[in-house]
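As the structure lists them, so they are numbered: ligands from 1, and atoms in each ligand from 1.
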Amino acid sequence: MIIESTFISDLYLIKLNQISDLRGSFTKTIHKETFDTYSIDSNFTESFYSKSHKNVIRGMHFQIPPDDHSKLVYLISGSILDVILDIRKESPTYGKFFSIVITADNPQAIYIGKGLAHGFKSLEDNSVVEYHTTTSHSKQNETGIKYSSFGFDWGSENDILSERDLNFKNFIDFNSPF
Ligand SMILES: Cc1cn([C@H]2C[C@H](O)[C@@H](COP(=O)(O)OP(=O)(O)O[C@H]3O[C@@H](C)C(=O)[C@@H](O)[C@H]3O)O2)c(=O)[nH]c1=O
């Protein structure tokens, strides 16, 4: 795997090595020694995945202190438009976002540090996104920012969202604890 920094601190793009043979393919997603070279915390406590239909948008999510966490995100199948928003008030990239299309055939993982909000749009049916997080799920301290409120163009009007995601505060009205 090759780890690349992005213009947002604590946000990394990880190119995964996919080995193919007549049976299919093999992809490694976590390698502590490689993560350590970038001081990336890989002490994950929880893992989960979601499966999404085409045009589903999930986001922009994060957990707030004391349950804030970093997460590793990658795709098992399908394709997504992944979006990360910096909500750290003191950060030089506060309010800026990073986006990338990820497909299962060109495997890449995203490592998302604390104080970054994450969301994605599924670009095809059966997009399976897997996560590893450095703290476990906290119902009371997980929240989000409205996906359409920070200037990102999601690219269509047939999007499918949960009621919860539609009712998050706009970025401008959110008092960030980060
Ligand atoms: C995230 C999460 C959800 N749930 C439950 C709550 C709810 O009933 C159901 C679906 O939850 P959500 O609608 O929040 O699922 P989803 O929108 O897929 O949430 C995910 O979105 C992306 C963008 C992220 O970055 C993830 O960290 C996570 O927040 O699963 C857990 O039990 N544990 C968890 O860790």
- Task: Please name all residues satisfying side chain to side chain contact (heavy atoms under 4.5 Å, CB included) with Ile76, sequence neighbours left out, ordered by chain then number.
- Result: Tyr74, Val128, Glu130
Quick one: sort the [X] and [Y] rings into parallel, tilted or perpendicular, breaks at 30° and 60°.
X	Y	result
Tyr38	Tyr12	perpendicular
Phe62	Phe174	perpendicular
Phe7	Phe98	tilted

- Thr93 and Asp86: side-chain donor and acceptor closer than 3.5 Å?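 A donor-acceptor contact under 3.5 Å links the two side chains.
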- Message: With no hydrogens and no angle check, just 3.5 Å: does a side-chain donor-acceptor pair link Thr45 and Ser136?
- Response: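 Yes, side-chain donor-acceptor contact under 3.5 Å.
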- Select all protein residues for which some heavy-atom-to-ligand 1 distance is less than 4.0 Å, and list them by chain and number. Glu46, Phe48, Arg58, His61, Lys71, His118, Gly119, Tyr131, His137, Arg164
